[in-house]
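Read through the structure below, which is laid out as structure tokens, and then see the notes.
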There are 2 protein chains.
Amino acid sequence: MDTKIGSIKPSSRMTNQRLEIISYLQSTTEHPTAEKIYYEVRKKLPKLSLGTVYRNLEILAEKGIVVKLDLGEDRDRYDADTKLHHHFICRQCRRIIDIIMPDVEQLKDRIEGQLNVRVEKTQILFNGLCEYCQKLK
Amino acid sequence: MDTKIGSIKPSSRMTNQRLEIISYLQSTTEHPTAEKIYYEVRKKLPKLSLGTVYRNLEILAEKGIVVKLDLGEDRDRYDADTKLHHHFICRQCRRIIDIIMPDVEQLKDRIEGQLNVRVEKTQILFNGLCEYCQKLK
DNA sequence: GTAGCTGCAAACCGTTTGCACGTGA
DNA sequence: TCACGTGCAAACGGTTTGCAGCTAC
């Protein structure tokens, strides 16, 4: 028989691998890719495998401990900052800047009324050249 | 020697394959995937290959005749409507609704001033349940 | 004539998965 | 104890690419 509300995963074990992945993600604001996380956490756990990184990231995202981000690149990024925010990404150096946008709630309400839909997620993504890459011309 | 401004592709030939891909894209508003385009255009050109579809879509996107869209799915979508607009995508039926949002220009200006960046692209994506999927519960 | 395009098939690459072993609670 | 997690390697799937022949101009 299924769990009542959706398919909630039962308990999960706090392994060293999971702990270090969380710890690394909470130590950075640069929205690393799975590959970067793998590379960094392996400094502490040299036997870590990439599959384990992906499996943990999926579980942590399900639990709401991290957020998976699709910023229009060929790979996903991950963020331990789970408060709603948006992003600017530099097309040259791939730097990512967090953007707080207080009036998004109104935007959401407007769309829901206009289209008769229920909005569950809102993502605003800016793309262009960051301060430094503009100077480099 | 390079072309002066960036790497602009020289002339391109209007092949039947290219023509039919454009024609199909201009006939629909459903933001098809490459696979869907392949499937549809093959009704007219049965020997068409998927590689040709991808190569043409890339060229057409470069020329600004179509737009490639990343709506957070595992595959890209394509749209012959190149006027700036945004999207709602239903997480259940994958229906896509176009959204015109006149005040995005201000948003862009605000971000540019605030972060010292040059914004070249702005994408707003809403995710949730469409009118019909809400009714189906 | 020839640069650009096509069909075909293989390669690519980020991500997922099967499996046998390991380990946290 | 044993269900969940791990390392390893292979599989997956959307997209790209090498190549030999074709074709728009």
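We name chains A, B, ... by the order of the sequence lines, and we start the count at 1 in each one. Reckoned from all heavy atoms, side chains included, excluding hydrogens, waters and symmetry mates. Predicted model, so just to flag it, every value in this text is computed and none were measured.
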field: Whole angstrom value for the distance that separates C1' of C:dG14 from CZ of A:Arg77
entry: 13 Å
Under-4.0 Å salt bridge between B:Glu30 and B:Lys36: yes
message: Could you check whether A:His31 and A:Asp81, counting side-chain N and O atoms only, form a donor-acceptor pair closer than 3.5 Å?
response: no
message: Taking the side chain as everything from C-beta on, heavy atoms only, tell me whether B:Tyr132 gets closer than 4.5 Å to B:Cys90.
response: no
N or O in side chain of A:Gln17 less than 4.0 angstrom from D:dG7 OP1/OP2: yes
- prompt: Within this structure, what is the CG-to-C1' distance between B:Asn56 and D:dA24, rounded to whole angstrom?
  reply: 14 Å
task: Report yes if a side-chain nitrogen or oxygen of A:Tyr54 is closer than 4.0 Å to either non-bridging phosphate oxygen (OP1 or OP2) of C:dT15; otherwise report no.
output: yes
- prompt: Of all the choices, C:dC5, D:dT16, D:dG7, which nucleotide is nearest to the side chain of A:Lys47 once you look at every atom?
  reply: D:dG7
message: Using whole Å, what does the distance between atom P of nucleotide C:dG7 and atom CZ of B:Arg42 come to?
response: 10 Å
Nearest atoms (heavy-atom pairs only) where A:His86 meets A:Ile124: CD2-N, 3.0 Å
task: Pick base, sugar-phosphate or nothing for A:Glu35, based on heavy-atom distances below 4.0 Å to the nucleic acid.
output: nothing
query: Is the distance from OP1 or OP2 of D:dG5 to the nearest side-chain N or O of A:Arg18 less than 4.0 Å?
result: yes
task: Spell out protein contact along nucleotides 18-25 of chain C as letters: B when the base is contacted, S when just the sugar-phosphate is, - when no protein heavy atom is under 4.0 Å; keep the 5' to 3' order.
output: B----BBS
message: Looking at D:dG7, I'd like to know if its phosphate oxygens (OP1 or OP2) sit under 4.0 Å from a side-chain N or O belonging to A:Thr52.
response: yes
query: Do side-chain atoms of B:Gln134 reach the backbone of A:Asn116 as a donor and acceptor pair under 3.5 angstrom?
result: yes
Residue whose closest nucleotide on DNA chain D lies nearer the 5' end, B:Asp74 versus B:Gly51: B:Asp74
- prompt: Counting only N and O atoms by type, is there a donor-acceptor contact under 3.5 Å from the side chain of B:Arg18 to the main-chain atoms of B:Arg13?
  reply: yes
